[in-house]
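Because only heavy atoms are used, hydrogens play no part in the values below, and waters and symmetry mates are left out as well, while side chains stay in.
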Amino acid sequence: MQRFLGGRVAGAGVSLIAVTAIILLYRHVLHVNQTTVALSFLLVILAVSAVWGMAVSVLMSVVAVLAFNYFFLPPMGTFTIADPQNWVALFAFLITSITGSQLSSRIRKEADEAHRRRREVERLYHFSRQLLGEGNVIQLMNAIPDYIVESFEAGAVELFLPQKDKFYRSGFGAALLDEEKMKTAFSNDELIPDAERSEYFIPVRLGVRPIGSLGISGAQLSRQSVEALGTLVAIAIERARAVEQLGQTEAERQGERLKSALLDSITHDFRTPLTSMKAAVTSLLTSADSNSAELLTIINEECDRLNHLVEEAAEMAKLEAGEITLDLTPTSVEEIVEAALEHCKGALAGRQVDVRMSRGLPHVRADLERTKEALVQLIDNANLYSPKDQPITITVELTGDSVTTSVADRGAGIDGFEQTMIFDKFYRGKDQRYLVRGTGMGLPIAKALITAQGGSISVTSQLGHGSVFSFTLPVDRSQKETR
C-alpha cells in the first residue's frame, strides 16, 4: 500500500512539473497557437496515464484544462472565457484527455495482466518439467512442495495425501498452514482461497476424482493457475505410481525369465555331467576292471565342466555388482590375441585359425587378463557354433580412435530377432540350445568386461553364412599424443 501511494504521489508531482514546463515553454520560448498547446497537454496526459494510471491522469487533465484556460484562452490571466466557442473547445479537450487516459490505463492494465499470465504459464511449464524428472513416488511427494516454492516464489507449501494420512511440507512457515482447511478442500473437492492471508487450499484432482490437496501461502496466483497446479500435481503423482508399478512388473518379469533360464540351464547342462559322473561311479562300485581309469577321466572332466559353470555364474554376479577391479594400462592387441589363442589351444585342436592383424597398431588402454578373457569367450563361442572343418578368422584393425577385434565363424548364423538378445544372460539360440552345451553366460560376460573398459561389443550375422562378433577398445591416449 505504501508503494502504491508513493507511486501516485510521484506521478502527481511529475504531472505538475510537466504542466509547468509546457506553460513556460509556450509562454516564454515558443509562441504557438492554442491547438498546439492543447495537443501537447494531451500527449503528456496520455504518457502519464500509461505510467501511473487513471487517477493521476485525471488529476493532470483537470490541472491542464485550468492551465490552458488561464494562460492560453482569452482573456489571459483569468478563468473567464470570452468566446463561447472556447467553452466547447475546453470541454472537448477535457473529455478527450479523460477518455484517452481511461483507454491508455485500460491498455496498461491488460498488458500487465497478459504479462502476469505469461509469467504464470512459464512457471507452470518450469514446474511441470521438474515433475517429469522424478520417477520414484516417495521422492516425488517430498519434492513437490519444494518445486512449488521454487517455481512460484511461495512462502510455504504443504501437500496432503489422504491414502497415507500424511503431510509433506516445504518453505518458511509451512507448519502454520491450516491442516483442517486442507482436509476440507479434499473432502469437499473445492478451492478455498484466503485473500487476507494470501493462502490457497487446492484439491488435487485427477479427472473428477480428488486424490489429495495442496496448501500454498505467500504467492499471488490466478484461479486458472491454481487449478492447473492441482491438476499437474495429480498427473505427476499418478505418472510416478504408474512408472513404479511398471518397474515392479518388469522386475518380476525379468525375475521369472531369469528363473526359467536358470532352471533350463541346470536341467540341460548340470544334469549331463552329473549323469556321467553317476554312471562312472556306479560302474566303479560294481566292477574293478581296466575301465576304471577311463571312468575316472570322465568324472574328472565333468567335474571341471561343473566348476567352469559355477565360475561363470560367479563371474557374472561380480560383474553386475561392479565388484571387479581393472588394471587399465597400455596393452598390445597382438599380446591379447596370442594369450587368448594359447588359452584355447586345447579346444581348438585340429581347427584352422586365421589371424589378420594390421601393421603398426597402437596400444589400447585395457586390462590384459580381462580382455583376454572376453576374447576367449568369443573364440569359444565360434568354436562351439560352427563346423569343425571350417576356419575361424580373427581380424584386428584400427578404426578411428579405437582398435576393433573381430572373430568370424562360418556357422549357421543368427537371425535378426535373436541378435537383439544374444548378449542377454542365459539366452541361447532357439535352434542350438539342445545341440551345443553351454549356459548362455559367455557372451554377457564378454560384453560386461569390454564395456567396463570403455569399449563396445556387437554382432553381425547372416543365416547360413556365419557370424562376426566384434569389440572395440580405446587407443591409449598417451601413445596417441606422442604419435
Side-chain angles (χ1 to χ4, degrees), residues 304-305 307-348 353-384 392-409 422-427 438-460 467-483:
D304 290 341
R305 184 180 167 203
N307 283 331
H308 179 66
L309 294 175
V310 174
E311 287 173 358
E312 281 190 335
E315 180 80 359
M316 194 72 245
K318 290 182 179 179
L319 288 170
E320 290 186 337
E323 296 178 354
I324 63 169
T325 57
L326 299 173
D327 182 19
L328 299 178
T329 57
T331 306
S332 169
V333 184
E334 183 177 1
E335 186 178 356
I336 295 172
V337 174
E338 289 177 354
L341 290 175
E342 179 65 26
H343 185 276
C344 299
K345 183 186 297 184
L348 294 174
V353 178
D354 296 332
V355 179
R356 303 173 183 177
M357 192 173 303
S358 301
R359 294 184 179 180
L361 287 173
H363 284 39
V364 294
R365 186 166 182 78
D367 184 309
L368 174 60
E369 287 301 319
R370 295 297 184 178
T371 308
K372 181 204 77 173
E373 184 179 346
L375 183 56
V376 166
Q377 296 286 3
L378 298 186
I379 295 174
D380 283 342
N381 187 75
N383 186 44
L384 288 173
I392 295 175
T393 304
I394 301 175
T395 305
V396 185
E397 58 187 350
L398 180 65
T399 53
D401 293 335
S402 303
V403 174
T404 300
T405 303
S406 302
V407 178
D409 62 61
I422 199 68
F423 293 103
D424 292 348
K425 295 188 299 293
F426 301 109
Y427 181 80
T439 61
M441 288 189 291
L443 292 179
I445 288 174
K447 180 180 180 180
L449 289 172
I450 296 300
T451 303
Q453 299 178 75
S456 62
I457 191 168
S458 61
V459 59
T460 58
S467 306
V468 180
F469 287 85
S470 305
F471 67 84
T472 64
L473 289 172
V475 173
D476 180 57
R477 291 184 177 180
S478 61
Q479 184 182 10
K480 181 180 176 183
E481 293 174 358
T482 304
R483 287 164 64 91

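Proximity of a side-chain donor or acceptor of D409 to a complementary backbone N or O of S467 within less than 3.5 Å is detected. The closest donor-acceptor contact from the side chain of T331 to the backbone of L368 lies at 3.5 Å or more, if one exists at all.
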Anything under 3.5 Å between a donor and an acceptor, one on a side chain of residues 441-456, the other on a protein residue two or more places apart or in another chain? List them.
from, atom 1, to, atom 2, distance (Å)
T451, OG1, K447, O, 2.8
Q453, OE1, D367, N, 2.7
Q453, OE1, T371, OG1, 2.9
Q453, NE2, T371, OG1, 3.3
Q453, NE2, L449, O, 3.1
S456, OG, T472, OG1, 2.9

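By the 4.5 Å heavy-atom criterion applied to side chains, V353 and I379 are not counted as neighbours. Between P362 and L398 the shortest side-chain heavy-atom distance falls below 4.5 Å.
In plain terms, the two heavy atoms of N383 and A347 that are nearest each other are ND2-O, 3.2 Å.
Rounding to the nearest 0.5 angstrom, the gap separating the CZ atom in F471 from the CG atom in L375 is 5.0 Å. Separation of atoms SG (C344) and CG (L378) is listed at 10.0 Å; rounding is to 0.5 Å. Taking NE2 of H363 as the start and CD of E335 as the end, the distance is 8.0 Å to the nearest 0.5 Å. Atoms CZ and CD, on R359 and E397 in that order, are 15.5 Å from each other to the nearest 0.5 Å. Here CG of L348 is found 7.0 Å from CG of L341. Values are rounded to the nearest 0.5 Å. Once rounded to the nearest 0.5 Å, the distance linking OG1 of T405 with CG of L473 reads 6.5 Å.
Partners of T460 according to the side-chain contact (heavy atoms from CB on, under 4.5 Å) rule, which considers only residues two or more places apart in sequence or in another chain, are V468.
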Practice problem: Starting from the C-alpha separation in whole Å, work towards a yes-or-no answer on side-chain contact (heavy atoms from CB on, under 4.5 Å) for T393 and R356. | Solution: CA-CA 7 Å; T393 304; R356 303 173 183 177; 3.9 Å; yes
